[in-house]
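Structure first, commentary second.
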Amino acid sequence: MKYIDEFRDGAIAQKIAARLAAEADPARAYAFMEFCGGHTHAISRYGVTELLPPNVRMVHGPGCPVCVLPIGRIDLAIHLALERGAIVCTYGDTLRVPASPGAGGGEALSLMRAKARGGDIRMVYSAADALQAARTNPGREVVFLAIGFETTTPPTALVIRQAAAEDLKNFSVLCCHVLTPAAITHILHSPEVRDWRTVPLDGFIGPAHVSIVIGSAPYEGFARDYRKPVVIAGFEPLDVMQAVLMLVRQVNEGRAEVENEFTRAVTRQGNAAAQAVVAEVFEPRESFEWRGLGEVPNSALQIRPEFERFDAEKRFGLTYRPVPDHKQCACGEILRGVKRPTDCKLFGTVCTPESPMGSCMVSSEGACAAHYAYGRFRDIPVVAA
Amino acid sequence: MKYIDEFRDGAIAQKIAARLAAEADPARAYAFMEFCGGHTHAISRYGVTELLPPNVRMVHGPGCPVCVLPIGRIDLAIHLALERGAIVCTYGDTLRVPASPGAGGGEALSLMRAKARGGDIRMVYSAADALQAARTNPGREVVFLAIGFETTTPPTALVIRQAAAEDLKNFSVLCCHVLTPAAITHILHSPEVRDWRTVPLDGFIGPAHVSIVIGSAPYEGFARDYRKPVVIAGFEPLDVMQAVLMLVRQVNEGRAEVENEFTRAVTRQGNAAAQAVVAEVFEPRESFEWRGLGEVPNSALQIRPEFERFDAEKRFGLTYRPVPDHKQCACGEILRGVKRPTDCKLFGTVCTPESPMGSCMVSSEGACAAHYAYGRFRDIPVVAA
Amino acid sequence: MCLALPARVVSLAEGGMDAVVDLGGVRKSVCVALVPEARAGDYVIVHVGHAIGMIDPEEAARTLALFGELAALEAGDSVWAEPFDKLRTGSVEALPPGQPASPSTSSGRTEVMAP
Amino acid sequence: MCLALPARVVSLAEGGMDAVVDLGGVRKSVCVALVPEARAGDYVIVHVGHAIGMIDPEEAARTLALFGELAALEAGDSVWAEPFDKLRTGSVEALPPGQPASPSTSSGRTEVMAP
Amino acid sequence: MSTIKKDYVRPLNVKTGRVDMNHGAGGRAATQLIEELFLPAFDNPFLRQGHDGAALPLPAAGRLVVATDAHVISPLFFPGGDIGCLSVHGTVNDVAMNGATPLYLSASFILEEGFPLADLKRIVDSMGAAAREAGVSIVTGDTKVVEKGKGDGVFISTTGVGVAAPGVDTSGANARPGDVILVSGTLGEHGVAVLSQRESLAFETAIVSDTAALHALVADMLAALPGREGDLHVLRDPTRGGLATTLNEIARQSGVGMLLWEADIPVLPQVDAACELLGLDPLYVANEGKLVAICAPEAADAVLAAMRAHPLGAHAARIGAVTEDPHRFVQMATKLGGRRVVDWLSGEQLPRIC
Amino acid sequence: MSTIKKDYVRPLNVKTGRVDMNHGAGGRAATQLIEELFLPAFDNPFLRQGHDGAALPLPAAGRLVVATDAHVISPLFFPGGDIGCLSVHGTVNDVAMNGATPLYLSASFILEEGFPLADLKRIVDSMGAAAREAGVSIVTGDTKVVEKGKGDGVFISTTGVGVAAPGVDTSGANARPGDVILVSGTLGEHGVAVLSQRESLAFETAIVSDTAALHALVADMLAALPGREGDLHVLRDPTRGGLATTLNEIARQSGVGMLLWEADIPVLPQVDAACELLGLDPLYVANEGKLVAICAPEAADAVLAAMRAHPLGAHAARIGAVTEDPHRFVQMATKLGGRRVVDWLSGEQLPRIC
Ligand code: SF4
Ligand code: SF4
Ligand SMILES: [Mg+2]
Ligand SMILES: [Mg+2]
Ligand SMILES: [Mg+2]
Ligand SMILES: [Mg+2]
Ligand SMILES: [Mg+2]
Ligand SMILES: [Mg+2]
Ligand SMILES: [Mg+2]
Ligand SMILES: [Mg+2]
Ligand SMILES: [Mg+2]
Ligand SMILES: [Mg+2]
């Protein structure tokens with residue numbers, strides 16, 4: 001697979017690892033946040049941690065759209081399926097996110113469990129599939145539960161525009177699209193990072209596919225205003241390792257710049273066509289709740305009034321009701337980089353991929369799920385020989 | 001079971017048989033038509049034929065509502081289920097009646113086969129179940145395919161009246177209710193009976209349960225005008241045997257009267273309450289096609305204009321299209337008493353209860369099905385010892 | 001299709017439209033709107049979930065009495081009864097093909113052949 | 001969730017909104033409305049059934065070249081590689097509990113113990 | 001100290017939980033379902049092997065008998081039983097009808113997404129109890145989950161393995177003219193009990209299903225013919241299609257006719273009444289704890305006595321005889337004194353009763 | 001002359017006919033379905049007994065092996081196979097994974113009303129062909145029909161009976177630290193082939209399912225260890241849940257850990273590509289013609305050579321080793337040079353692939 005296999009090459013990985021080992025200053029610790037779940041996943045799946053020097057620590061960020069989706073939004077989708085009789089289409093990752101406790105007679109529902117209780121909930125691979133479901137079920141309401149960062153927003157915008165062109169009467173979108181820069185700002189503003197410095201963050205690995213759409217320019221402010229190095233990197237393991245190396249160098253050299261490791265796909269300006277259709281269909285939301293981060297101003301999109309007949313929130317008169325996370329679930333702190341999965345009391349006991357208590361255990365890009373599925377061996381202590 | 005078991009008593013059957021053997025004139029042949037499928041069924045299931053003298057022959061009549069239902073009516077019901085998306089409710093007997101050939105891609109459809117092809121076709125035990133289906137499926141059209149003689153008509157009338165009282169918006173009836181007296185008249189007018197005398201009919205066993213509703217009076221004209229004895233008889237085997245005895249006596253004595261063997265349930269006037277609700281909801285149809293008999297004037301009912309929103313024919317703008325029976329199927333002649341099942345070339349070869357070609361092979365009250373299932377041993381010739 | 005059965009009214013629901021009837025120990029709810037005169041203890045005739053008529057006990061008794069008076073010949077005279085009964089009691093081993101003969105196509109009894 | 005892959009455009013459908021792309025021999029139809037500049041032979045980046053961007057072949061080559069220049073130490077130096085490789089070639093029978101040790105919690109290599 | 005938590009898995013929620021697609025995906029959830037629900041209910045050393053199948057000791061002599069049945073009954077719970085015990089009895093009986101002692105069962109479950117785990121537990125526990133009572137081990141199994149709307153709660157296919165003693169051959173092709181036809185008891189209870197639960201019928205009756213394992217009865221019947229087990233020609237359980245269909249099958253396979261005496265066929269009055277009400281014939285209604293035996297006339301008394309001595313055969317009766325008849329008609333002398341054919345079941349008498 | 005027409009039944013319409021409820025009611029239509037469709041396809045003397053089960057000769061020695069699997073795959077026809085041959089291979093392989101020679105199969109069908117008889121015939125013919133090729137007889141069966149919307153075309157549960165030679169024990173509990181892990185070929189083809197047919201995914205690939213019967217391969221592997229068959233510790237077919245899940249099961253049952261080398265695990269490039277596209281991991285994708293063998297290190301070369309000499313093992317590879325590990329982790333050295341846990345399948349990777 002061209003442009004994939006080359007970026008997973010073990011021999012080169014050893015070289016970068018060696019370079020990193022050589023350049024990382026043994027006298028200091030490095031902590032970098034990989035913003036994206038895609039990076040988290042690559043690090044776990046390819047075992048990148050083993051190739052990093054012990055004093056380079058990767059902190060998982062909030063960059064998994066499934067993980068940051070608040071419970072109340074899942075509740076809305078379940079409500080549409082079970083009580084409003086709508087066909088709810090969504091991407092597969094969303095199906096297992098736990099909803100409010102109690103709604104399922106003791107155990108928390110999820111979209112998957114709501115499906116088992118008779119809700120017509122369908123997994124789609126493309127927003128276009130949801131539109132197709134609306135075309136083939138003219139007698140039913142079809143709602144697309146749209147989640148995702150800037151990467152995933154343009155396809156949603158396209159289908160809304162298409163639905164308007166076809167004047168589809170039974171299609172709407174429950175829009176949960178969120179914006180990365182706002183989340184990064186939020187983390188940089190968090191007391192742990194900014195004031196207490198309990199979370200030492202020496203830099204960021206910037207989003208790969210988000211940046212294809214929005215370009216690298218939006219990150220320049222972080223580098224400039226917060227003095228944090230940012231390296232935009234692809235989702236292949238060599239990309240991640242190279243980005244770490246570039247961050248180590250910036251730190252060592254006292255620089256704080258936006259660098260682009262992913263030049264083969266990311267430009268400074270991003271994809272103008274995608275930005276245009278997003279701007280046509282969506283507008284910023286004043287405020288949106290992120291799981292773990294709480295209400296974050298200007299951190300999400302909503303459907304413009306011109307397309308409001310396709311807005312499920314308006315069409316069904318939905319009222320968002322925030323729901324607190326499980327008391328012991330540390331997702332919030334984990335998403336902010338304040339805690340690691342093993343710091344959570346529920347990790348691996350009550351909370352497992354089979355019965356996730358929090359969203360970080362759901363998607364394989366979630367910090368808890370990634371550590372559980374790929375990284376647990378690392379929790380085994382070394383028995384001195 | 002009181003009022004049932006007493007009328008199936010083997011010892012009494014032997015007595016009536018002996019009486020019959022004694023009273024039937026060996027010098028002449030007797031041929032009586034049992035109008036009803038209920039009688040046909042009792043004769044077959046209890047083996048009554050063995051208990052009759054050899055010179056008393058029972059001729060099966062057209063008194064099975066399933067058997068006389070023409071193909072075109074089944075086609076309409078299938079059309080409603082498959083093309084109009086309606087839930088079609090009907091009594092179980094109707095499900096296997098073959099529809100037009102070819103509609104099913106080579107093989108004739110039936111309601112059962114249409115169900116297998118995805119039609120929402122439901123067997124009900126009571127007209128009230130069809131009404132209930134309409135209540136619980138407010139978003140769907142529910143059509144009750146109503147068939148039956150005067151026995152079955154009052155319950156249909158009741159549900160239509162009830163639907164009107166509840167102002168149900170999604171319920172209608174495809175009315176195929178037919179009238180017995182018209183059919184008897186038709187047979188008496190048939191050339192075989194009236195002119196050619198190829199079908200010698202010495203009398204009729206009159207309907208049991210039909211007569212509960214309409215009373216015995218409507219048959220008086222046949223006795224009077226056509227000089228045919230009529231004995232109304234219950235559907236238990238002793239009732240049938242007793243009726244035959246009473247017919248033999250009328251013939252022997254040259255009488256032609258309406259006698260009532262079934263006095264425990266039938267009066268001269270019938271059930272006034274039932275007649276009233278039927279008159280409120282239904283009115284005579286100018287003409288109706290009977291399988292085997294063709295168009296018979298004033299032989300059926302239709303829904304009155306006051307209730308026309310519950311008339312599926314009007315509601316769906318249905319046009320009845322008559323369909324000829326299978327060329328070799330002798331159902332018509334069998335229903336008129338002109339032929340016996342074994343006279344049909346298809347009997348037991350192409351036409352069996354598993355793959356009925358004509359309606360007489362469908363219901364166990366049909367002459368062909370009854371003979372196939374119960375009476376075939378009688379076709380074995382005697383091997384002289 | 002015109003299947004209908006006599007069943008005893010066990011109880012009438014309020015409003016008098018529905019009743020529970022009993023047939024040999026089996027109970028079922030039926031509509032009695034068409035027989036407003038029916039009371040508990042009466043026998044109604046049930047068809048497609050509706051009582052469409054009633055049994056007149058006196059007439060039933062009269063009909064049965066009529067049957068009883070018919071005795072003139074002894075019972076058990078069915079022409080094919082004998083071979084059947086022999087088989088039933090095990091006194092013959094089997095009937096030959098085509099046997100026992102049907103009385104409607106035979107003029108008399110047939111002999112029983114060992115197979 | 002942001003899963004996206006580079007795939008080669010095999011052909012563009014009329015109207016230019018849809019294209020067939022190839023990924024390692026697997027073909028799939030995707031929407032290319034967001035990359036109007038894509039032509040057959042180009043590599044697009046596919047996400048949820050949509051091409052959202054394109055691969056710049058020159059930049060890709062430059063990045064790979066950069067990787068290649070990094071060589072300073074020899075490969076194969078992963079601290080836990082040795083016991084693994086011994087197992088792989090069958091030269092040890094097994095690793096003891098808790099082994100091989102994780103380099104991130106260990107300061108050096110651990111000895112291999114026979115079980 | 002290891003920071004890895006104990007290999008803890010949250011126990012299955014058998015109160016309000018439901019089957020979901022994960023339970024059929026072969027991963028941890030599937031394993032959990034097996035370990036928490038199936039294993040305790042069926043527990044035996046063979047099943048505990050936990051392999052893809054079970055390795056079992058080979059019986060010493062005789063013929064190996066294998067029988068299988070899918071169970072798709074609706075409703076799943078009915079008076080006198082449920083799909084769980086039925087799926088054990090149904091297959092144990094098919095093994096027994098081969099004159100064999102049932103030893104092992106396999107069980108294959110097809111669950112519909114959304115099926116309550118509480119119901120599944122009830123069913124599985126009932127299966128386990130029925131198997132223990134019958135002295136057979138459920139040694140291996142399989143579980144699949146289908147999407148909501150692609151199944152109907154639960155379907156269970158069981159396969160039984162047993163061993164028949166040498167000299168025993170009870171195939172349907174063995175009936176000979178002159179043979180005596182016996183049934184082990186009253187007919188039609190299972191079908192009527194199931195039907196009484198159908199919402200659309202909704203009648204009330206005290207009838208309960210006769211579902212039961214018949215192999216011990218069969219063993220007693222064979223024991224009544226020491227050294228001449230071959231005189232027991234045919235064994236069949238008249239399940240789907242009832243007595244009528246079973247006898248027609250035998251008549252066809254053996255190339256014989258049959259004569260029945262309606263008056264001798266045992267049917268409970270309530271079953272008769274329910275059948276009248278529904279327009280059914282009890283001869284076509286399913287049984288799940290009855291058998292038909294056809295034996296040489298000289299063996300009939302001994303077999304009948306053995307049947308009557310067993311609780312499951314207390315109402316056993318001699319109901320007819322086998323005749324020579326190239327048309328293979330099953331005929332019946334009616335109580336009325338008439339005669340008729342008792343034909344194969346035509347069409348569908350009762351949907352989904354087993 | 002008799003006026004009874006010859007016992008004529010209109011032949012099944014296998015062109016345009018469909019399954020209806022009658023076919024499951026146990027009457028004449030059910031018998032016809034069996035006689036016209038199933039019997040010719042499976043024909044063998046045991047099935048022709050036509051009994052409720054089959055009476056079979058008892059194998060001479062060894063252990064009896066019984067295995068069962070329900071098959072609910074969607075779609076029913078896929079590149080490289082269909083539910084028919086799959087239902088034979090799936091169960092033959094479970095018997096073979098016990099180190100046994102499969103002898104007999106039972107088959108239980110759950111048909112959905114309306115299912116085209118033409119499709120059923122294709123499936124049944126494919127089953128028959130697969131059974132003949134595998135040298136096993138389908139000796140008994142059962143057919144039920146469920147209403148439209150209560151099933152999904154056809155579900156097939158098969159149960160296999162086989163015999164394992166003395167000394168053979170390939171249970172999942174037998175893996176020991178130091179053992180070598182082998183796979184018989186490239187992974188993930190079955191799952192990818194099935195997925196490629198899903199309307200919602202609609203990708204094109206040349207990949208076909210690997211569905212195949214593996215007992216001959218197993219026989220060759222055992223033959224390579226004459227007198228020391230016990231050195232072949234574990235056999236499993238990595239079906240649902242793929243290699244990862246199968247290895248975790250074994251690790252759990254044996255109480256051991258495992259180490260795999262990603263670089264040594266054979267996966268076809270197109271399977272890799274399809275998995276990338278769908279966000280799947282080939283280690284979790286189902287196989288239906290592959291096996292995992294775990295053997296004593298001294299037996300590994302002989303077993304591997306025997307595998308490679310068999311057409312179904314041409315791409316067999318040594319992929320890892322068993323370790324002592326109280327946490328029973330399956331770990332993998334990644335191609336990149338890193339390390340990770342290869343966990344159980346969590347949740348549902350691919351619905352209804354077997
Ligand atoms: S382990 Fe579970 S409960 Fe704990 S933080 Fe992670 S998702 Fe939340
Ligand atoms: S046997 Fe069949 S084709 Fe012939 S008359 Fe009867 S129903 Fe018609
Ligand atoms: Mg069976
Ligand atoms: Mg059975
Ligand atoms: Mg049986
Ligand atoms: Mg299995
Ligand atoms: Mg269902
Ligand atoms: Mg299995
Ligand atoms: Mg298998
Ligand atoms: Mg297996
Ligand atoms: Mg069976
Ligand atoms: Mg379906």
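In what follows, chains carry the letters A, B, and so on, assigned in the order in which the sequence lines appear, proteins first and then strands, with residues in each chain numbered from 1.
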Between C:Cys31 and B:Leu158, the two heavy atoms sitting closest are SG-CD1, 4.0 Å
Using side chain to side chain contact (heavy atoms under 4.5 Å, CB included), reason through B:Ile16 and C:Phe67 one step at a time and then give a plain yes or no.
CA-CA 7 Å; B:Ile16 305 179; C:Phe67 291 166; 4.1 Å; yes
Compare all side-chain heavy atoms of B:Ser126 with those of C:Val30 and state whether any distance is below 4.5 angstrom.
no
What distance separates B:Glu150 CD from C:Ile52 CD1, expressed to the nearest 0.5 Å?
11.0 Å
Of all heavy-atom pairs between C:Leu34 and B:Asn271, which one has the smallest distance, and what is that distance?
O-ND2, 3.0 Å
The interface call for B:Glu261 against chain C, heavy-atom contacts under 4.5 Å, is both
Do other residues, nucleotides or ligands put more than 12 heavy atoms under 6.0 Å from B:Arg8 CZ?
yes
From B:Leu238 atom CG to C:Leu66 atom CG, the distance as rounded to the nearest 0.5 Å:
11.5 Å
Could you name the residues of residues 54-62 of chain C that have a heavy atom within less than 4.5 Å of a heavy atom in chain B?
C:Met54, C:Ile55, C:Asp56, C:Pro57, C:Glu59, C:Ala60
Expected contact set for residues 4-14 of chain C against chain B at heavy-atom separation under 4.5 Å reads C:Ala4, C:Leu5, C:Pro6
Under 4.5 Å from a heavy atom of chain C, the part of B:Phe235 involved:
side chain
Go through the steps to decide whether B:Phe7 and C:Leu64 satisfy the test side chain to side chain contact (heavy atoms under 4.5 Å, CB included), and finish with yes or no.
CA-CA 8 Å; B:Phe7 295 90; C:Leu64 285 170; 3.8 Å; yes
Max heavy-atom pairs within cutoff under 4.5 Å with chain C, candidates B:Pro155, B:Ala274, B:Ala273, B:Ala128, goes to B:Pro155
dist B:Tyr91:OH -> C:Leu3:CG (nearest 0.5 Å) comes out at 12.0 Å
Enter the distance from B:Thr151:OG1 to C:His50:NE2 here, rounded to the nearest 0.5 Å.
13.0 Å
Only pairs of heavy atoms separated by less than 4.5 Å count here; which of B:Met1, B:Met241, B:Arg57 has the most with chain C?
B:Met1
Min side-chain heavy-atom separation B:Thr156-C:Val48 under 4.5 Å:
no
